[in-house]
Amino acid sequence: MPDKNEIRKKILERRATLPAEILKRAGGKAAERLLLMEEYENADTVMLYMDFRNEVPTNEIIELIRSSDKKLLLPYISDDFRMIAYAIPKEGPLENCLIISKYGIAEPNPERCKEADPNSIDLIIVPGTVFDQFENRIGCGKGCYDRYLAQLPAKAFKLALAYDFQVLQCIPADPTDVRMDKIMTLSTNEER
Ligand SMILES: Nc1nc2c(c(=O)[nH]1)N(C=O)[C@@H](CNc1ccc(C(=O)N[C@@H](CCC(=O)O)C(=O)O)cc1)CN2
Ligand SMILES: Nc1ncnc2c1ncn2[C@@H]1O[C@H](COP(=O)(O)OP(=O)(O)OP(=O)(O)O)[C@@H](O)[C@H]1O
């Protein structure tokens, strides 16, 4: 089996070439399908991600959550790659409580948001680079999500968003890789 870094590189190269229409459609479809999931309906607190580098867009999901009674959490990464969840206030434009990190990802501004207890999370929607049919996940190689996911309560439902070409048959998983509960696969085919 090719090693993790080789697989990661290949998939990221492919994701980098996705046209804007495909991204937009996938983001819309993800929000539409999320609305039909009971894990979403029953969740009071949802931790999401702010997409970067052509990940499945989350802007429509953010609108869904912000116009509902649910609480929205977003990840902040410290200098030592520790992930901390912050609650995003419902009032006012989203941009007002975000800052752009040195990696170019929009993150909660710790001065404008409150740190959230990981135990409050009912649903966590995660990005990733490569997945397989056993719900294994490979991320961006720093273990940020793996360490964060490992400390979540059992009730937290782990949902990954992936384009079809990101889901392989089988990938090499390490003992510290945390498995997803579900992978929502978005089509990159124009016809579907
Ligand atoms: N949208 C989104 N948010 C996320 C993640 C993610 O994968 N997607 N993360 C998932 O964990 C965390 C951020 N982790 C990151 C880890 C590395 C790099 C990065 O740019 N790495 C450089 C190499 C840097 C180095 O080696 O020091 C690179 O890839 O060029 C960016 C973000 C938290 N937030
Ligand atoms: N729970 C953990 N505790 C300590 N170290 C961990 C844990 N999870 C992962 N790591 C370490 O983090 C590093 C990167 O891990 P890995 O390659 O699995 O990251 P990844 O899944 O691609 O990234 P991410 O989780 O950030 O999306 C490895 O050295 C791994 O051992």
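Whatever order the structure lists them in is the order used to number ligands and atoms, beginning at 1.
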Visitor: Going by a strict under-4.0 Å cutoff (protein heavy atoms only), does atom 22 (C) of ligand 1 have a neighbour on the protein?
Guide: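 Not a single protein heavy atom is under 4.0 Å away.
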Visitor: Let me know which of Leu161, Leu73, Ile125, Leu123 forms a side chain to side chain contact (heavy atoms under 4.5 Å, CB included) with Leu48.
Guide: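 Exactly one pass, corresponding to Ile125.
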Visitor: Is any side-chain heavy atom of Lys182 less than 4.5 Å from a side-chain heavy atom of Met37?
Guide: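 They are in contact (side-chain heavy atoms under 4.5 Å apart), so the answer is yes.
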Visitor: Using a 4.0 Å heavy-atom threshold (strictly under), name the region of Thr129 that reaches ligand 2: side chain, backbone, both or neither.
Guide: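 Neither; nothing of Thr129 gets under 4.0 Å from ligand 2.
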Visitor: For atom 28 (C) of ligand 2, decide whether some protein heavy-atom distance is shorter than 4.0 Å.
Guide: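 Looking at atom 28 (C) of ligand 2, one finds that no protein heavy atom lies closer than 4.0 Å.
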Visitor: Please check if any side-chain donor atom of Ser78 sits under 3.5 Å from a side-chain acceptor atom of Asp80, or the reverse.
Guide: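 Ser78 vs Asp80: donor-acceptor pair found between side chains.
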Visitor: For atom 14 (C) of ligand 2, is there a protein heavy atom at a distance under 4.0 Å?
Guide: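 At least one protein heavy atom is under 4.0 Å away.
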Visitor: Please state which protein non-hydrogen atom is closest to atom 21 (O) of ligand 2 and give its distance, to 0.1 Å?
Guide: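 The closest heavy atom on the protein side is Asp146 OD2, 2.8 Å.
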Visitor: Any heavy-atom pair between the side chains of Ile62 and Met50 that's under 4.5 Å?
Guide: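 Contact flag for Met50/Ile62 side chains = yes.
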Visitor: Is a side-chain N or O of Asp181 found less than 3.5 angstrom from the main chain of Leu159, in a donor-acceptor match?
Guide: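 The answer is no, because no donor-acceptor pair under 3.5 Å joins these two groups.
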Visitor: Going by the atom numbers of ligand 2, which of them fall below 4.0 Å from some non-hydrogen atom of Ile138?
Guide: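 Those qualifying, in numeric order: 22 (O).
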Visitor: Could you tell me which atoms of ligand 1, counted from 1 in the order shown, lie closer than 4.0 angstrom to a heavy atom of Tyr49?
Guide: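 Going through ligand 1 atom by atom, the ones under 4.0 Å from Tyr49 are 1 (N).
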Visitor: Apply side chain to side chain contact (heavy atoms under 4.5 Å, CB included) to Val130 and Lys4, showing your working.
Guide: CA-CA 9 Å; Val130 198; Lys4 261 186 170 184; over 6 Å; no
Visitor: Answer yes or no: does an N/O atom from Lys4 fall short of 3.5 Å to an N/O atom of ligand 2?
Guide: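 There is such a contact, yes.
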Visitor: Under 4.0 Å from a heavy atom of Ile105: give me the atoms of ligand 1 that qualify, with their elements.
Guide: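 The list of qualifying atoms is 3 (N), 4 (C), 13 (C), 32 (C), 34 (N).
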Visitor: What residue and heavy atom of the protein are closest to atom 12 (O) of ligand 2, and at what distance?
Guide: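 The protein heavy atom lying closest is Gly143 CA, 3.6 Å.
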Visitor: Please list the nearest protein heavy atom to atom 6 (C) of ligand 2 with its residue and the distance rounded to 0.1 Å.
Guide: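 So the nearest neighbour among protein heavy atoms is Arg147 CG, 3.9 Å.
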Visitor: Is it true that Asp122 and Lys155 make a salt bridge, defined as a side-chain N closer than 4.0 Å to a carboxylate O?
Guide: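 Yes, Asp122 and Lys155 are salt-bridged.
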Visitor: From the options Cys140, Gly104, Ala106, select the one whose nearest heavy atom is closest to atom 11 (O) of ligand 1.
Guide: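 The option holding the nearest heavy atom is Cys140.
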Visitor: Counting C-beta onward and ignoring hydrogens, is there a side-chain heavy-atom pair between Pro127 and Val56 closer than 4.5 Å?
Guide: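 No, their side chains stay 4.5 Å or more apart.
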Visitor: Looking at atom 3 (N) of ligand 2, would you say a protein heavy atom lies below 4.0 Å from it?
Guide: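 Neighbour list for atom 3 (N) of ligand 2 includes protein heavy atoms (cut-off 4.0 Å).
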Visitor: Check this for me: does any side-chain nitrogen of one of Lys24 and Glu21 sit under 4.0 Å from a carboxylate oxygen of the other?
Guide: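 Judged by the 4.0 Å cut-off on N to carboxylate O distance, Lys24 and Glu21 do not form a salt bridge.
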Visitor: Check ligand 1 against Ile77 and write out every atom of the ligand that is under 4.0 Å from a heavy-atom position of the residue.
Guide: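 Going through ligand 1 atom by atom, the ones under 4.0 Å from Ile77 are 12 (C), 13 (C), 33 (C).
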Visitor: Of Ile77, Asp177, Thr176, which has the heavy atom at the shortest distance from atom 8 (N) of ligand 2?
Guide: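 Minimum heavy-atom distance to atom 8 (N) of ligand 2 goes to Thr176.
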Visitor: Mark yes when over 12 heavy atoms from residues, nucleotides or ligands other than Arg33 sit less than 6.0 Å from its CZ; otherwise mark no.
Guide: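 For Arg33, atom CZ is crowded (more than 12 foreign heavy atoms under 6.0 Å).
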Visitor: Which atoms of ligand 1 have any heavy atom of Lys142 under 4.0 Å away?
Guide: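 Atoms satisfying the 4.0 Å criterion: 16 (C), 17 (C), 25 (C), 26 (O), 27 (O).
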Visitor: What residue and heavy atom of the protein are closest to atom 22 (O) of ligand 2, and at what distance?
Guide: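 Its nearest protein heavy-atom neighbour is Arg8 NH1, 2.6 Å.
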Visitor: Is a side-chain donor or acceptor of Arg8 paired with a backbone partner of Gly139 at a separation under 3.5 angstrom?
Guide: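 Between the backbone of Gly139 and the side chain of Arg8 there is a qualifying donor-acceptor contact (under 3.5 Å).
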Visitor: Counting C-beta onward and ignoring hydrogens, is there a side-chain heavy-atom pair between Asp177 and Arg137 closer than 4.5 Å?
Guide: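 Not in contact.
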Visitor: Would Lys70 and Tyr40 count as a cation-pi pair here, with the cationic atom under 6.0 angstrom from the ring centre and within 45° of the axis?
Guide: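 That pair qualifies as a cation-pi contact.
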Visitor: Out of Arg53, Arg147, Met83, who gets a non-hydrogen atom closest to atom 30 (O) of ligand 1?
Guide: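 That would be Arg53.
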Visitor: Please state which part of Glu55 comes within less than 4.0 Å of ligand 1, counting heavy atoms only: side chain, backbone, both or neither.
Guide: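 Just the side chain.
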Visitor: Is Ile84 isolated, or which residues cluster with it under the ILVMFWY side-chain rule of less than 4.5 Å, directly or via members?
Guide: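 Besides Ile84, the hydrophobic cluster comprises Tyr76, Tyr86, listed by chain and residue number.
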Visitor: Show the atoms of ligand 1 that are less than 4.0 angstrom away from any heavy atom in Cys144.
Guide: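 Result: 11 (O).
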Visitor: Please compare Gly139, Cys140, Cys144, Pro127 and report which has the shortest non-hydrogen distance to atom 26 (O) of ligand 2.
Guide: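 Checking each option, the heavy atom nearest atom 26 (O) of ligand 2 is found in Cys144.
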Visitor: Measuring from atom 18 (C) of ligand 1, which candidate in Tyr148, Tyr103, Tyr145 has the nearest non-hydrogen atom?
Guide: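 Ranked by closest heavy atom to atom 18 (C) of ligand 1, first place is Tyr103.
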Visitor: Counting from 1, what ligand 1 atoms have a heavy atom of Met50 closer than 4.0 Å?
Guide: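 Answer for ligand 1: 1 (N), 2 (C).
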